[in-house]
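Residue numbering restarts at 1 for every chain, and letters A, B, ... go by the order of the sequence lines. Scope of the values below: all heavy atoms of this structure, side chains included, with no hydrogens, waters or symmetry mates.
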Amino acid sequence: MRLGYPCINRSIECTANSTFRLASYSRERFLSTVQNNLECLQEILEWNAEKGFFFFRIGSPLIPFASHPVCKIDWVKHFKKDFRKIGNYIKKQKMRISMHPDQFVVLNTKEDRILQNSIKETEYHCKVLDALGLDTTAKVQLHIGGVYGEKEKSLQRFIERYKKLPAMIKKRLVIENDHYMYSLKDCLKVHKQTGVPILFDTFHHECYNNGETVKQGLIKASKTWKKKDGILMVDYSNQKKEARKGTHSEHISIQKFKKFITDTKKLNFDIMLEIKDKEKSALQAIKTIKQVRK
DNA sequence: AGTTGTCAAGCTAGT
DNA sequence: ACTAGCTTGACAACT
């Protein structure tokens with residue numbers, strides 16, 4: 001079991017998510033930003049290793065505008081050495097990496113323009129993991145997409161779209177249950193017809209499920225991961241009190257977390273902590289894991 | 001130097 | 001009708 005947090009580390013003065021406005025795009029700006037992001041990524045990973053975090057989600061802005069027509073630079077080639085170096089470090093440390101394209105990526109969209117953009121953007125995420133030289137246990141996670149007032153039809157459209165995706169995406173793509181549109185059960189339906197692994201989000205499952213407990217859901221999801229995919233990835237979060245349903249909490253509730261990992265003690269999976277204060281909560285969580293699991 | 005509106009891109013439920 | 005929320009921040013123009 002590995003533990004991690006997504007995208008940002010607030011403890012160190014370095015971010016791998018620097019970007020800029022499209023209007024100020026230039027070759028120089030692009031290259032210096034990416035250079036900075038890659039250096040910070042390395043720094044964050046080293047910090048993580050020191051603290052005991054061996055799961056990390058790389059933020060989407062790592063290569064700004066990578067899937068936009070404005071970007072004409074072969075960044076994989078240009079930063080080949082840097083990617084290789086970081087990738088080697090990840091492998092040496094036996095770290096797990098994931099990426100999560102943002103909300104604009106909707107594979108089951110009705111519009112061709114959105115579909116094309118979505119494929120390009122997903123492809124970009126996969127290219128980063130390829131450039132790092134990571135195996136197919138490094139994943140790119142997406143939700144099924146929109147409902148458009150006709151859920152079954154929209155779910156089927158995802159399946160059709162999935163089947164036509166290029167192999168470099170298929171080998172990394174996993175789907176995640178969301179908190180109000182597509183539950184674990186819906187994801188399992190897609191899995192049955194496509195073989196796509198299901199990343200299990202415990203918080204989303206609490207918001208929206210079909211009667212399965214978190215543990216039952218987790219077990220079902222874990223069976224969708226084949227050897228080449230690695231062990232199940234889990235997103236873990238808590239509801240923020242007095243906020244609308246689905247809002248992530250500011251801090252982790254260690255009591256709840258302890259209960260969760262105690263309940264699932266016999267199961268093996270990697271946990272991504274989607275808590276607003278990121279590594280702060282993660283540091284507490286890691287202590288808890290050490291107590292419960294040895 | 002600090003504050004605030006805005007950023008390439010979508011969709012939904014809550015308010 | 002509008003907007004918070006999503007994984008969310010960070011940029012850039014303004015005070």
Side-chain angles (χ1 to χ4, degrees), chain A residues 4-10 13-26 29-30 32-34 36-37 40 44 55-71 97-125 139-151 154-155 157-158 161 174 176-183 186 199 201-204 207-208 233-240 242-250 252 271-279 281-282:
Chain A
Y5 58 91
C7 312
I8 293 156
N9 184 313
R10 298 182 205 280
E13 295 281 312
C14 199
T15 175
N17 301 314
S18 284
T19 181
F20 49 87
R21 295 298 147 87
L22 180 57
S24 43
Y25 184 94
S26 71
R29 185 80 189 259
F30 174 84
S32 64
T33 304
V34 173
N36 169 262
N37 284 345
C40 287
I44 292 169
F55 190 19
F56 187 67
R57 183 182 299 158
I58 297 175
S60 297
L62 186 75
I63 317 290
F65 303 102
S67 74
H68 191 281
V70 77
C71 179
I97 300 292
S98 68
M99 293 187 83
H100 193 339
D102 62 33
Q103 57 272 41
F104 311 109
V105 174
V106 185
L107 287 180
N108 77 341
T109 177
K110 292 180 170 179
E111 264 186 74
D112 190 57
R113 174 185 58 85
I114 299 174
L115 174 62
Q116 296 314 321
N117 288 344
S118 295
I119 293 173
K120 269 190 210 156
E121 181 70 0
T122 310
E123 201 166 30
Y124 146 64
H125 286 76
K139 294 299 187 189
V140 171
Q141 63 190 92
L142 279 180
H143 297 288
I144 291 175
V147 167
Y148 309 98
E150 38 185 13
K151 187 165 169 178
S154 300
L155 186 141
R157 193 165 52 247
F158 179 92
R161 296 276 165 74
V174 300
E176 175 188 352
N177 59 309
D178 65 66
H179 70 105
Y180 63 138
M181 290 188 278
Y182 294 102
S183 66
D186 299 317
L199 186 152
D201 188 309
T202 60
F203 176 41
H204 291 164
C207 294
Y208 183 40
M233 285 182 176
V234 169
D235 280 359
Y236 181 92
S237 181
N238 299 134
Q239 170 69 37
K240 179 174 179 174
E242 279 141 46
R244 59 213 274 180
K245 191 174 164 187
T247 306
H248 293 283
S249 60
E250 238 16 83
I252 194 168
I271 308 178
M272 182 65 63
L273 285 179
E274 293 185 332
I275 310 282
K276 297 273 188 198
D277 68 2
K278 309 285 174 188
E279 81 286 352
S281 286

(message) Let's go through Ser237(A) and Thr202(A) carefully: what are the C-alpha distance in whole Å and the side-chain angles of both, what is the deciding distance for side chain to side chain contact (heavy atoms under 4.5 Å, CB included) to 0.1 Å, and is it a yes or a no?
(response) CA-CA 7 Å; Ser237(A) 181; Thr202(A) 60; 5.8 Å; no

(message) Considering every strand and a 4.0 Å limit on heavy-atom distances, what is the contact class for Met181(A): base, sugar-phosphate, or nothing?
(response) sugar-phosphate

(message) Less than 4.0 angstrom between a side-chain N/O of Ser24(A) and OP1 or OP2 of dA12(C), yes or no?
(response) yes

(request) List in chain and number order the residues that pass side-chain contact (heavy atoms from CB on, under 4.5 Å) with Phe20(A), two or more places apart in sequence or in another chain; answer none if no residue qualifies. (result) Ser24(A), Tyr25(A), Arg29(A), Phe30(A), Thr33(A), Pro64(A), Phe65(A)

(request) Kindly give the heavy-atom pair with the smallest separation between Val140(A) and Thr122(A), and that separation in Å. (result) CG1-CG2, 4.3 Å

(request) For nucleotides dA12(C) and dT7(C), find the distance between their P atoms and express it as a whole number of Å. (result) 26 Å

(request) Could you check how far CD of Glu13(A) sits from P of dA10(C), rounded to whole Å? (result) 11 Å

(message) Using 0.5 Å steps for rounding, measure from the NE2 atom of His100(A) to the CD atom of Gln141(A).
(response) 4.5 Å

(message) Work out how far the C1' atom of dA9(B) is from that of dA1(C), and round it to whole angstrom.
(response) 23 Å

(request) Describe the nucleic acid contact of Asn117(A) in one word from base, sugar-phosphate, nothing, applying a heavy-atom distance below 4.0 Å. (result) nothing

(request) Quick one: label Val147(A) by what it contacts on the DNA or RNA (base, sugar-phosphate, nothing), any heavy atom closer than 4.0 Å. (result) sugar-phosphate

(message) Taking dA10(C) as the reference, what is the distance to dG10(B) when you measure between their P atoms (whole Å, please)?
(response) 23 Å

(request) Please round to the nearest 0.5 Å and tell me the distance separating atom CG of Leu273(A) and atom OH of Tyr5(A). (result) 11.0 Å

(request) Could you list where the contact with chain A starts and ends along DNA chain B, reading 5' to 3', using a 4.0 Å heavy-atom cut-off? (result) dG5(B) to dG14(B)

(message) In this structure, which stretches of DNA chain B are paired as stems of three or more consecutive Watson-Crick or G-U pairs, both distances less than 3.5 Å?
(response) B:1-7 with C:9-15, B:10-15 with C:1-6

(message) Suppose we screen for ring-ring contact (aromatic ring centres under 6.0 Å, His included). Which residues come up paired with Tyr124(A), at least two apart in sequence or across chains?
(response) Trp75(A)

(message) Between dA8(B) and dA13(C), how far apart are the two P atoms, rounded to whole Å?
(response) 12 Å

(request) Could you measure between the two P atoms, the one in dG5(B) and the one in dT3(C), and give it in whole Å? (result) 13 Å

(message) Applying salt bridge (Lys or Arg N to Asp or Glu O under 4.0 Å), can you list everything that pairs with Lys240(A), at least two apart in sequence or on another chain?
(response) Glu250(A)

(message) Under 4.0 Å, counting only non-hydrogen atoms across every strand here, what does Tyr148(A) touch: a base, just sugar-phosphate, or nothing?
(response) sugar-phosphate

(message) From CD of Gln239(A) over to P of dA4(C), roughly how many Å is that when rounded to an integer?
(response) 17 Å

(request) Check for a donor-acceptor pair, side chain of Lys151(A) on one end and backbone N or O of Met181(A) on the other, with a separation under 3.5 Å. (result) yes

(request) Go through the steps for Tyr236(A) and Phe203(A) under the test ring pair (Phe, Tyr, Trp, His ring centres under 6.0 Å), then give the verdict. (result) CA-CA 6 Å; Tyr236(A) 181 92; Phe203(A) 176 41; 8.9 Å; no

(message) In whole Å, measure the gap between the C1' atoms of dT4(B) and dC6(C) for me.
(response) 22 Å

(message) dA12(C), OP1 or OP2 - any side-chain N/O from Arg29(A) closer than 4.0 Å?
(response) yes

(request) Classify the nucleic acid contact of Thr109(A) as base, sugar-phosphate or nothing, counting any heavy atom under 4.0 Å across all strands shown. (result) sugar-phosphate

(message) Restricting to non-hydrogen atoms, name the atom on Val106(A) and the atom on Tyr148(A) that form the minimum distance, rounded to 0.1 Å.
(response) CG1-OH, 3.5 Å

(message) Say we look at dT6(B) and dT8(C): how far apart would their P atoms be, to the nearest angstrom?
(response) 23 Å

(message) Using 0.5 Å steps for rounding, measure from the CD1 atom of Ile8(A) to the CD atom of Glu279(A).
(response) 9.5 Å

Pairs under 3.5 angstrom, nitrogen or oxygen only, protein versus nucleotides 5-7 of chain C, please.
{"unit_1": "dC6(C)", "atom_1": "OP1", "unit_2": "His248(A)", "atom_2": "N", "d": "2.7"}
{"unit_1": "dC6(C)", "atom_1": "OP2", "unit_2": "Lys276(A)", "atom_2": "NZ", "d": "3.0"}
{"unit_1": "dT7(C)", "atom_1": "OP1", "unit_2": "His100(A)", "atom_2": "NE2", "d": "3.4"}
{"unit_1": "dT7(C)", "atom_1": "OP1", "unit_2": "His143(A)", "atom_2": "NE2", "d": "3.4"}
{"unit_1": "dT7(C)", "atom_1": "OP2", "unit_2": "His204(A)", "atom_2": "NE2", "d": "3.0"}
{"unit_1": "dT7(C)", "atom_1": "O4'", "unit_2": "Arg57(A)", "atom_2": "NH1", "d": "3.1"}
{"unit_1": "dT7(C)", "atom_1": "O4", "unit_2": "His100(A)", "atom_2": "O", "d": "2.9"}
{"unit_1": "dT7(C)", "atom_1": "O4", "unit_2": "Pro101(A)", "atom_2": "O", "d": "3.2"}
{"unit_1": "dT7(C)", "atom_1": "O4", "unit_2": "Asp102(A)", "atom_2": "N", "d": "2.7"}

(request) Please check if atom CD in Glu13(A) has more than 12 non-hydrogen atoms from other residues, nucleotides or ligands closer than 6.0 Å. (result) no

